[in-house]
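In what follows, a structure is listed as C-alpha coordinates, so that the remarks can point back to it.
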Amino acid sequence: MAYRTINPFTNETLTTFPDLTDAELAQKLDCAQATYRQWSKQPFSARAAIVGRAAQLLRQNNDHYARLLTLEMGKLYRESLAEVELSADILQYYADHAEEFLAPQKLTEKSGRGDNAMLISQPLGIVFAIEPWNFPYYQLARVVGPQFMAGNVVVVKHASNVPQSAAAFEQLFRDAGAPEGLYTNLYATRDQLGEIIADDRVIGVALTGSEGAGAIVAAQAGKALKKTTMELGGSDAFIVLDDADMEKAVKWAVWGRMNNGGQCCVASKRIIVADAIADEFLDRFETALAKLVPGDPMDEKTGVPPLSSQAAADQLNDQVALAVKHGAIAIRVGEAPPETGAFVQTTILTGVTPENPIFHQELFGPVAMFFRVRDDEEAIQLANDNPYGLGGSVFTSDTARGVRVAEQIETGMVYINHPTWTTCDLPFGGVKRSGFGRELSSLGIQEFVNKKLIDVVPIDAAP
(Lines give C-alpha, C1' and ligand atoms only; values in the text may rest on other atoms or scores of the structure.)
Protein backbone atom coordinates (compact mmCIF):
# COMPACT_ATOMS: atom_id res chain seq x y z
CA MET A 1 0.00 0.00 0.00
CA ALA A 2 3.06 2.31 0.40
CA TYR A 3 1.89 4.15 3.50
CA ARG A 4 3.77 7.43 3.36
CA THR A 5 3.38 11.14 3.94
CA ILE A 6 4.06 13.20 0.82
CA ASN A 7 3.47 16.91 1.30
CA PRO A 8 1.35 17.80 -1.77
CA PHE A 9 2.45 21.45 -1.62
CA THR A 10 6.09 20.46 -2.19
CA ASN A 11 5.77 16.83 -3.39
CA GLU A 12 8.40 15.98 -0.77
CA THR A 13 8.25 12.55 0.87
CA LEU A 14 8.43 13.14 4.61
CA THR A 15 8.00 9.74 6.23
CA THR A 16 6.99 6.17 5.48
CA PHE A 17 5.35 3.40 7.49
CA PRO A 18 5.84 -0.37 7.11
CA ASP A 19 2.97 -2.60 6.05
CA LEU A 20 1.27 -4.66 8.71
CA THR A 21 2.64 -8.21 8.98
CA ASP A 22 0.26 -11.16 9.03
CA ALA A 23 1.29 -11.92 12.62
CA GLU A 24 0.54 -8.34 13.68
CA LEU A 25 -2.83 -8.48 11.97
CA ALA A 26 -3.76 -11.68 13.79
CA GLN A 27 -2.75 -10.17 17.13
CA LYS A 28 -4.71 -6.98 16.52
CA LEU A 29 -7.88 -8.83 15.56
CA ASP A 30 -7.54 -11.04 18.64
CA CYS A 31 -7.19 -7.93 20.79
CA ALA A 32 -10.16 -6.22 19.14
CA GLN A 33 -12.38 -9.26 19.73
CA ALA A 34 -11.33 -9.55 23.38
CA THR A 35 -12.05 -5.85 23.88
CA TYR A 36 -15.45 -6.21 22.20
CA ARG A 37 -16.51 -8.84 24.72
CA GLN A 38 -15.93 -6.35 27.52
CA TRP A 39 -16.89 -3.11 25.76
CA SER A 40 -20.25 -4.48 24.61
CA LYS A 41 -21.20 -4.98 28.28
CA GLN A 42 -20.37 -1.43 29.31
CA PRO A 43 -23.26 0.95 30.06
CA PHE A 44 -23.85 3.91 27.80
CA SER A 45 -22.45 6.23 30.45
CA ALA A 46 -19.07 4.47 30.42
CA ARG A 47 -18.89 4.51 26.63
CA ALA A 48 -19.93 8.17 26.52
CA ALA A 49 -17.19 9.14 28.98
CA ILE A 50 -14.49 7.97 26.55
CA VAL A 51 -16.13 9.17 23.32
CA GLY A 52 -16.91 12.55 24.89
CA ARG A 53 -13.36 12.84 26.22
CA ALA A 54 -12.02 12.23 22.70
CA ALA A 55 -14.21 15.09 21.42
CA GLN A 56 -12.84 17.32 24.16
CA LEU A 57 -9.23 16.45 23.30
CA LEU A 58 -9.81 17.24 19.62
CA ARG A 59 -10.98 20.71 20.54
CA GLN A 60 -8.22 21.30 23.05
CA ASN A 61 -5.51 20.29 20.58
CA ASN A 62 -7.13 21.48 17.35
CA ASP A 63 -3.95 23.06 15.97
CA HIS A 64 -2.00 19.82 16.33
CA TYR A 65 -4.63 17.77 14.53
CA ALA A 66 -5.31 20.41 11.87
CA ARG A 67 -1.67 20.77 10.88
CA LEU A 68 -1.46 17.05 10.19
CA LEU A 69 -4.41 17.29 7.80
CA THR A 70 -2.85 20.16 5.89
CA LEU A 71 0.56 18.49 5.81
CA GLU A 72 -0.68 15.17 4.46
CA MET A 73 -3.45 16.05 2.01
CA GLY A 74 -2.98 19.76 1.36
CA LYS A 75 -6.21 21.02 2.89
CA LEU A 76 -6.38 24.74 3.65
CA TYR A 77 -5.43 25.17 7.30
CA ARG A 78 -8.66 27.01 8.14
CA GLU A 79 -10.63 24.14 6.62
CA SER A 80 -8.53 21.66 8.59
CA LEU A 81 -9.54 23.45 11.79
CA ALA A 82 -13.18 23.24 10.71
CA GLU A 83 -12.85 19.50 10.09
CA VAL A 84 -11.40 18.94 13.55
CA GLU A 85 -14.34 20.84 15.07
CA LEU A 86 -16.88 18.89 12.99
CA SER A 87 -15.29 15.60 14.03
CA ALA A 88 -15.53 16.62 17.68
CA ASP A 89 -19.18 17.59 17.17
CA ILE A 90 -19.96 14.12 15.78
CA LEU A 91 -18.29 12.29 18.65
CA GLN A 92 -20.06 14.43 21.23
CA TYR A 93 -23.39 14.06 19.42
CA TYR A 94 -23.33 10.29 19.74
CA ALA A 95 -22.01 10.41 23.29
CA ASP A 96 -25.04 12.55 24.15
CA HIS A 97 -27.76 10.81 22.13
CA ALA A 98 -26.86 7.13 21.59
CA GLU A 99 -28.84 5.84 24.57
CA GLU A 100 -31.93 7.65 23.28
CA PHE A 101 -31.43 6.33 19.72
CA LEU A 102 -30.99 2.72 20.87
CA ALA A 103 -33.63 2.67 23.60
CA PRO A 104 -35.90 -0.41 23.63
CA GLN A 105 -38.98 0.12 21.50
CA LYS A 106 -42.31 -1.24 22.68
CA LEU A 107 -44.36 -2.86 19.92
CA THR A 108 -48.11 -3.35 19.76
CA GLU A 109 -49.17 -6.72 18.45
CA LYS A 110 -52.20 -6.89 16.18
CA SER A 111 -52.85 -10.57 16.94
CA GLY A 112 -54.57 -9.85 20.23
CA ARG A 113 -52.06 -11.90 22.23
CA GLY A 114 -50.93 -8.97 24.35
CA ASP A 115 -48.64 -5.96 24.21
CA ASN A 116 -45.43 -7.39 25.65
CA ALA A 117 -43.31 -7.31 22.49
CA MET A 118 -40.28 -5.07 22.26
CA LEU A 119 -37.38 -4.37 19.94
CA ILE A 120 -33.94 -3.99 21.49
CA SER A 121 -30.65 -2.93 19.89
CA GLN A 122 -27.53 -4.96 20.64
CA PRO A 123 -23.92 -4.67 19.39
CA LEU A 124 -22.57 -7.26 16.99
CA GLY A 125 -18.76 -7.24 17.07
CA ILE A 126 -15.92 -5.79 15.01
CA VAL A 127 -16.77 -3.26 12.30
CA PHE A 128 -14.13 -2.86 9.58
CA ALA A 129 -13.87 0.73 8.29
CA ILE A 130 -12.13 1.51 5.00
CA GLU A 131 -11.76 5.27 4.72
CA PRO A 132 -10.47 7.88 2.21
CA TRP A 133 -8.00 10.75 2.42
CA ASN A 134 -10.16 13.78 1.66
CA PHE A 135 -11.52 14.21 5.22
CA PRO A 136 -9.11 12.10 7.28
CA TYR A 137 -10.77 12.69 10.70
CA TYR A 138 -14.38 13.39 9.77
CA GLN A 139 -14.67 10.12 7.85
CA LEU A 140 -13.41 8.27 10.92
CA ALA A 141 -15.57 10.14 13.42
CA ARG A 142 -18.81 9.38 11.62
CA VAL A 143 -18.06 5.65 11.89
CA VAL A 144 -16.43 5.29 15.28
CA GLY A 145 -18.74 7.70 17.11
CA PRO A 146 -21.91 5.68 16.55
CA GLN A 147 -20.22 2.27 16.57
CA PHE A 148 -18.40 2.80 19.87
CA MET A 149 -21.59 4.07 21.48
CA ALA A 150 -23.51 1.09 20.09
CA GLY A 151 -21.04 -1.25 21.81
CA ASN A 152 -19.07 -2.34 18.76
CA VAL A 153 -15.33 -1.96 18.22
CA VAL A 154 -13.68 -0.72 15.01
CA VAL A 155 -10.61 -1.68 13.00
CA VAL A 156 -9.61 0.86 10.35
CA LYS A 157 -7.75 0.74 7.08
CA HIS A 158 -7.17 4.40 6.25
CA ALA A 159 -5.90 5.85 2.97
CA SER A 160 -2.21 5.22 2.35
CA ASN A 161 -1.37 8.92 1.89
CA VAL A 162 -2.62 10.01 5.36
CA PRO A 163 -0.82 7.55 7.66
CA GLN A 164 0.04 10.14 10.32
CA SER A 165 -3.57 11.30 10.52
CA ALA A 166 -4.61 7.66 10.86
CA ALA A 167 -2.18 7.08 13.72
CA ALA A 168 -3.20 10.35 15.39
CA PHE A 169 -6.84 9.30 15.57
CA GLU A 170 -5.88 5.98 17.15
CA GLN A 171 -3.74 7.83 19.69
CA LEU A 172 -6.62 10.21 20.36
CA PHE A 173 -8.71 7.39 21.78
CA ARG A 174 -5.81 6.01 23.78
CA ASP A 175 -5.42 9.46 25.31
CA ALA A 176 -9.16 9.51 26.00
CA GLY A 177 -8.84 6.32 28.07
CA ALA A 178 -10.07 3.77 25.55
CA PRO A 179 -9.02 0.16 26.13
CA GLU A 180 -6.53 -1.30 23.68
CA GLY A 181 -8.44 -2.81 20.79
CA LEU A 182 -11.39 -0.43 20.85
CA TYR A 183 -9.91 1.55 17.96
CA THR A 184 -7.29 -0.22 15.85
CA ASN A 185 -5.39 1.41 13.00
CA LEU A 186 -4.17 -1.08 10.38
CA TYR A 187 -1.50 -0.37 7.76
CA ALA A 188 -2.93 -3.32 5.89
CA THR A 189 -1.92 -4.68 2.49
CA ARG A 190 -4.42 -5.29 -0.29
CA ASP A 191 -4.26 -9.03 0.26
CA GLN A 192 -4.96 -8.57 3.94
CA LEU A 193 -8.13 -6.58 3.25
CA GLY A 194 -9.86 -9.69 1.96
CA GLU A 195 -8.69 -11.67 4.97
CA ILE A 196 -10.10 -9.07 7.34
CA ILE A 197 -13.46 -8.98 5.58
CA ALA A 198 -13.68 -12.80 5.63
CA ASP A 199 -12.75 -13.10 9.33
CA ASP A 200 -15.75 -14.45 11.27
CA ARG A 201 -15.28 -11.89 14.02
CA VAL A 202 -15.74 -9.00 11.60
CA ILE A 203 -19.49 -8.42 11.31
CA GLY A 204 -19.60 -5.69 8.70
CA VAL A 205 -17.73 -3.22 6.53
CA ALA A 206 -18.20 0.55 6.30
CA LEU A 207 -16.47 1.99 3.24
CA THR A 208 -16.17 5.52 1.93
CA GLY A 209 -14.27 5.73 -1.32
CA SER A 210 -14.40 5.32 -5.06
CA GLU A 211 -16.99 3.40 -7.02
CA GLY A 212 -14.34 0.88 -8.05
CA ALA A 213 -13.17 0.23 -4.50
CA GLY A 214 -16.76 -0.07 -3.34
CA ALA A 215 -17.58 -2.68 -5.97
CA ILE A 216 -14.59 -4.84 -4.99
CA VAL A 217 -15.21 -4.60 -1.24
CA ALA A 218 -18.97 -5.14 -1.59
CA ALA A 219 -18.33 -8.28 -3.62
CA GLN A 220 -15.91 -9.64 -1.03
CA ALA A 221 -18.30 -8.81 1.80
CA GLY A 222 -21.23 -10.34 -0.05
CA LYS A 223 -19.32 -13.57 -0.52
CA ALA A 224 -18.68 -13.62 3.24
CA LEU A 225 -22.33 -12.65 3.98
CA LYS A 226 -21.29 -9.43 5.70
CA LYS A 227 -23.42 -6.30 5.96
CA THR A 228 -21.89 -3.21 4.30
CA THR A 229 -22.48 0.49 4.03
CA MET A 230 -21.06 2.22 0.96
CA GLU A 231 -20.56 5.96 0.55
CA LEU A 232 -19.05 6.29 -2.90
CA GLY A 233 -18.60 9.03 -5.47
CA GLY A 234 -20.88 11.84 -6.51
CA SER A 235 -21.38 14.40 -9.25
CA ASP A 236 -23.82 16.70 -7.54
CA ALA A 237 -25.99 19.10 -9.51
CA PHE A 238 -26.11 22.73 -8.37
CA ILE A 239 -29.35 23.97 -9.92
CA VAL A 240 -30.01 27.70 -10.18
CA LEU A 241 -33.60 28.52 -11.16
CA ASP A 242 -34.52 31.76 -12.90
CA ASP A 243 -35.83 33.41 -9.71
CA ALA A 244 -32.75 32.71 -7.56
CA ASP A 245 -30.86 35.40 -5.67
CA MET A 246 -27.97 35.82 -8.11
CA GLU A 247 -25.39 37.18 -5.69
CA LYS A 248 -25.94 34.52 -3.07
CA ALA A 249 -26.21 31.69 -5.59
CA VAL A 250 -22.83 32.64 -7.07
CA LYS A 251 -21.28 32.85 -3.60
CA TRP A 252 -22.51 29.36 -2.73
CA ALA A 253 -21.52 27.96 -6.14
CA VAL A 254 -17.94 29.01 -5.46
CA TRP A 255 -18.01 27.50 -1.98
CA GLY A 256 -19.78 24.34 -3.15
CA ARG A 257 -17.26 23.72 -5.92
CA MET A 258 -14.07 24.82 -4.16
CA ASN A 259 -14.52 23.69 -0.55
CA ASN A 260 -11.76 21.22 0.41
CA GLY A 261 -9.97 22.10 -2.80
CA GLY A 262 -12.93 20.70 -4.71
CA GLN A 263 -12.12 17.23 -3.37
CA CYS A 264 -15.44 16.43 -1.77
CA CYS A 265 -17.93 13.71 -2.72
CA VAL A 266 -20.80 16.20 -2.29
CA ALA A 267 -19.08 19.09 -4.02
CA SER A 268 -21.16 21.08 -6.52
CA LYS A 269 -19.59 19.55 -9.60
CA ARG A 270 -22.26 20.32 -12.22
CA ILE A 271 -23.54 23.90 -12.25
CA ILE A 272 -26.95 23.91 -13.99
CA VAL A 273 -28.42 27.38 -14.60
CA ALA A 274 -31.65 28.59 -16.18
CA ASP A 275 -30.89 30.03 -19.61
CA ALA A 276 -32.51 33.39 -18.80
CA ILE A 277 -29.80 34.16 -16.24
CA ALA A 278 -26.98 31.88 -17.45
CA ASP A 279 -24.78 34.54 -19.07
CA GLU A 280 -24.81 36.79 -16.03
CA PHE A 281 -24.28 33.87 -13.67
CA LEU A 282 -21.32 32.49 -15.62
CA ASP A 283 -19.67 35.92 -15.75
CA ARG A 284 -20.07 36.43 -12.01
CA PHE A 285 -19.02 32.84 -11.24
CA GLU A 286 -15.81 33.23 -13.25
CA THR A 287 -15.05 36.59 -11.62
CA ALA A 288 -15.55 35.19 -8.11
CA LEU A 289 -13.41 32.12 -8.78
CA ALA A 290 -10.63 34.31 -10.16
CA LYS A 291 -10.27 35.98 -6.75
CA LEU A 292 -9.11 32.70 -5.18
CA VAL A 293 -5.32 32.66 -5.11
CA PRO A 294 -3.45 29.33 -5.41
CA GLY A 295 -0.60 28.70 -3.02
CA ASP A 296 0.55 27.43 0.36
CA PRO A 297 -2.39 25.85 2.24
CA MET A 298 -0.98 27.15 5.54
CA ASP A 299 -1.22 30.76 4.27
CA GLU A 300 -4.52 32.37 5.23
CA LYS A 301 -4.55 34.28 1.91
CA THR A 302 -4.58 31.06 -0.15
CA GLY A 303 -7.89 30.11 -1.75
CA VAL A 304 -6.81 27.22 -4.00
CA PRO A 305 -4.66 24.56 -2.30
CA PRO A 306 -2.86 21.69 -4.00
CA LEU A 307 -4.73 18.47 -4.58
CA SER A 308 -4.02 15.55 -2.28
CA SER A 309 -1.32 14.07 -4.52
CA GLN A 310 0.43 14.52 -7.82
CA ALA A 311 -1.39 11.45 -9.12
CA ALA A 312 -4.74 13.09 -8.32
CA ALA A 313 -3.67 16.29 -10.08
CA ASP A 314 -2.48 14.37 -13.15
CA GLN A 315 -5.76 12.47 -13.33
CA LEU A 316 -7.86 15.63 -13.18
CA ASN A 317 -5.72 17.36 -15.81
CA ASP A 318 -6.15 14.32 -18.03
CA GLN A 319 -9.93 14.52 -17.59
CA VAL A 320 -9.95 18.20 -18.61
CA ALA A 321 -7.85 17.40 -21.68
CA LEU A 322 -10.24 14.56 -22.58
CA ALA A 323 -13.24 16.88 -22.25
CA VAL A 324 -11.62 19.47 -24.55
CA LYS A 325 -10.64 16.80 -27.07
CA HIS A 326 -14.32 15.92 -27.39
CA GLY A 327 -15.55 19.47 -27.93
CA ALA A 328 -15.77 21.12 -24.50
CA ILE A 329 -14.37 24.58 -23.86
CA ALA A 330 -12.03 24.98 -20.89
CA ILE A 331 -12.12 28.43 -19.30
CA ARG A 332 -8.94 28.78 -17.23
CA VAL A 333 -9.71 31.02 -14.27
CA GLY A 334 -7.50 33.17 -12.07
CA GLU A 335 -3.78 33.00 -11.45
CA ALA A 336 -1.71 30.12 -12.74
CA PRO A 337 -0.83 27.80 -9.85
CA PRO A 338 2.73 27.19 -8.63
CA GLU A 339 4.79 24.87 -10.83
CA THR A 340 5.85 22.78 -7.84
CA GLY A 341 3.19 20.84 -6.01
CA ALA A 342 0.04 18.93 -6.90
CA PHE A 343 -1.84 21.92 -8.32
CA VAL A 344 -4.54 22.11 -10.97
CA GLN A 345 -5.61 25.38 -12.62
CA THR A 346 -9.13 26.40 -11.60
CA THR A 347 -11.27 25.65 -14.66
CA ILE A 348 -14.86 25.94 -15.89
CA LEU A 349 -15.88 23.46 -18.60
CA THR A 350 -18.67 24.58 -20.93
CA GLY A 351 -20.18 22.85 -23.91
CA VAL A 352 -19.96 19.39 -22.36
CA THR A 353 -22.44 17.23 -24.30
CA PRO A 354 -23.81 13.81 -23.33
CA GLU A 355 -21.52 12.32 -25.99
CA ASN A 356 -18.45 13.68 -24.21
CA PRO A 357 -16.86 10.90 -22.11
CA ILE A 358 -16.42 13.38 -19.25
CA PHE A 359 -20.20 14.00 -19.06
CA HIS A 360 -20.81 11.09 -16.68
CA GLN A 361 -17.49 11.26 -14.80
CA GLU A 362 -16.75 12.70 -11.38
CA LEU A 363 -14.29 15.61 -11.35
CA PHE A 364 -12.42 15.68 -8.03
CA GLY A 365 -10.81 19.09 -7.75
CA PRO A 366 -11.19 22.74 -8.82
CA VAL A 367 -12.95 22.04 -12.12
CA ALA A 368 -16.67 22.72 -12.67
CA MET A 369 -18.96 21.74 -15.52
CA PHE A 370 -21.40 24.49 -16.52
CA PHE A 371 -24.75 23.81 -18.23
CA ARG A 372 -27.66 25.92 -19.46
CA VAL A 373 -31.25 24.68 -19.31
CA ARG A 374 -34.55 26.05 -20.62
CA ASP A 375 -36.70 25.32 -17.58
CA ASP A 376 -37.14 23.32 -14.37
CA GLU A 377 -37.96 20.11 -16.21
CA GLU A 378 -34.77 20.20 -18.24
CA ALA A 379 -32.79 20.97 -15.08
CA ILE A 380 -34.26 17.90 -13.37
CA GLN A 381 -33.61 15.74 -16.42
CA LEU A 382 -29.99 16.86 -16.61
CA ALA A 383 -29.46 16.40 -12.88
CA ASN A 384 -30.73 12.81 -13.14
CA ASP A 385 -28.73 11.98 -16.28
CA ASN A 386 -25.87 10.72 -14.15
CA PRO A 387 -24.81 7.35 -12.71
CA TYR A 388 -24.32 8.92 -9.27
CA GLY A 389 -26.99 9.89 -6.77
CA LEU A 390 -25.40 11.40 -3.69
CA GLY A 391 -26.47 15.01 -3.16
CA GLY A 392 -27.63 18.12 -4.95
CA SER A 393 -28.93 21.61 -4.41
CA VAL A 394 -31.62 23.92 -5.78
CA PHE A 395 -31.47 27.72 -5.61
CA THR A 396 -34.73 29.64 -5.84
CA SER A 397 -36.65 32.40 -4.07
CA ASP A 398 -39.73 30.14 -4.04
CA THR A 399 -39.18 27.44 -1.43
CA ALA A 400 -42.19 25.39 -2.53
CA ARG A 401 -40.87 25.39 -6.10
CA GLY A 402 -37.47 24.31 -4.83
CA VAL A 403 -38.96 21.44 -2.89
CA ARG A 404 -40.93 20.29 -5.95
CA VAL A 405 -37.71 20.18 -7.94
CA ALA A 406 -35.81 18.50 -5.10
CA GLU A 407 -38.40 15.73 -4.83
CA GLN A 408 -37.69 14.75 -8.44
CA ILE A 409 -33.89 14.61 -8.17
CA GLU A 410 -32.63 11.03 -7.85
CA THR A 411 -30.20 11.41 -4.96
CA GLY A 412 -29.99 10.66 -1.25
CA MET A 413 -29.83 14.34 -0.26
CA VAL A 414 -30.96 17.67 -1.69
CA TYR A 415 -30.46 21.08 -0.07
CA ILE A 416 -32.51 24.17 -0.92
CA ASN A 417 -30.44 27.38 -1.25
CA HIS A 418 -27.28 25.75 0.07
CA PRO A 419 -24.76 23.29 -1.38
CA THR A 420 -25.01 19.76 -0.06
CA TRP A 421 -23.16 19.53 3.23
CA THR A 422 -23.04 17.52 6.40
CA THR A 423 -23.98 17.90 10.04
CA CYS A 424 -23.95 15.34 12.80
CA ASP A 425 -27.75 15.29 13.18
CA LEU A 426 -28.73 14.84 9.50
CA PRO A 427 -28.44 11.52 7.62
CA PHE A 428 -25.74 11.24 4.96
CA GLY A 429 -25.77 8.81 2.04
CA GLY A 430 -26.78 8.20 -1.55
CA VAL A 431 -28.42 5.97 -4.13
CA LYS A 432 -27.46 4.54 -7.52
CA ARG A 433 -23.67 4.29 -7.89
CA SER A 434 -23.14 6.58 -4.93
CA GLY A 435 -23.74 3.65 -2.62
CA PHE A 436 -26.17 2.59 0.06
CA GLY A 437 -26.72 2.84 3.79
CA ARG A 438 -26.68 5.98 5.90
CA GLU A 439 -24.22 7.58 8.28
CA LEU A 440 -24.78 10.28 10.91
CA SER A 441 -28.06 11.20 12.66
CA SER A 442 -30.14 8.54 14.40
CA LEU A 443 -29.88 6.39 11.26
CA GLY A 444 -26.10 6.04 11.38
CA ILE A 445 -26.08 4.18 14.68
CA GLN A 446 -28.65 1.65 13.47
CA GLU A 447 -26.56 0.16 10.64
CA PHE A 448 -24.49 -2.38 12.61
CA VAL A 449 -26.69 -3.39 15.53
CA ASN A 450 -28.92 -6.39 16.04
CA LYS A 451 -32.53 -5.23 16.14
CA LYS A 452 -33.71 -8.08 18.30
CA LEU A 453 -37.37 -8.85 18.90
CA ILE A 454 -38.35 -10.08 22.36
CA ASP A 455 -42.00 -11.10 22.69
CA VAL A 456 -43.53 -12.29 25.95
CA VAL A 457 -46.50 -14.45 24.92
CA PRO A 458 -49.14 -15.93 27.27
CA ILE A 459 -48.45 -19.63 27.53
CA ASP A 460 -52.02 -20.45 26.62
CA ALA A 461 -52.14 -18.20 23.60
CA ALA A 462 -53.50 -19.66 20.39
CA PRO A 463 -50.87 -20.63 17.82
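Quick note: numbers below take in every heavy atom, side chains included, and nothing from hydrogens, waters or symmetry partners.
When the shell of 6.0 Å around CZ of Arg433 is examined, it contains 12 or fewer heavy atoms from other residues, nucleotides or ligands. Within a 6.0 Å sphere centred on CD of Gln408, other residues, nucleotides and ligands contribute more than 12 heavy atoms. Heavy atoms of other residues, nucleotides or ligands lying less than 6.0 angstrom from CG of Asp200 number 12 at most.
Residues Val293 and Asp299 are not in side-chain contact: their nearest non-hydrogen atoms beyond the backbone lie 4.5 Å or more apart. Side-chain contact between Leu20 and Thr189 is absent, with no heavy-atom pair separated by less than 4.5 Å.
Using a cut-off of 4.0 Å between Lys/Arg side-chain N and Asp/Glu carboxylate O, Lys75 and Glu79 are scored as not salt-bridged. Look at Glu280 and Arg284 and you find a salt bridge, because one of the NZ, NE, NH1 or NH2 atoms lies within 4.0 Å of a carboxylate O, short of that distance.
Judged by a 6.0 Å distance limit and a 45° cone about the ring axis, Arg142 is positioned over the six-membered ring of Phe428.
Annotation for Asn152 and Leu182: closest pair O-CD1, 4.1 Å, computed over non-hydrogen atoms.
Checked against the 6.0 Å centroid threshold, Tyr138 and Trp421 do not count as a close aromatic pair.
By the 30° and 60° cut-offs, the orientation of the rings of Phe370 relative to Phe281 is parallel. The aromatic rings of Phe364 and Trp133 lie perpendicular to each other, with more than 60° between the two planes, well past the 30° mark.
Judged purely by distance below 3.5 Å, without hydrogens or angles, the side chains of Gln171 and Arg174 pair a donor atom with an acceptor atom.
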Next on the checklist: Could you walk me through whether Phe436 and Thr228 satisfy the side chain to side chain contact (heavy atoms under 4.5 Å, CB included) test, starting with their C-alpha distance in whole Å, then the side-chain angles of each, then the deciding distance to 0.1 Å, before giving a yes or no?
Outcome noted: CA-CA 8 Å; Phe436 45 82; Thr228 59; 3.2 Å; yes
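Remark: of the listed residues Val403, Asp243, Asp245, Asp243 is the sole one forming a side chain to side chain contact (heavy atoms under 4.5 Å, CB included) with Thr396.
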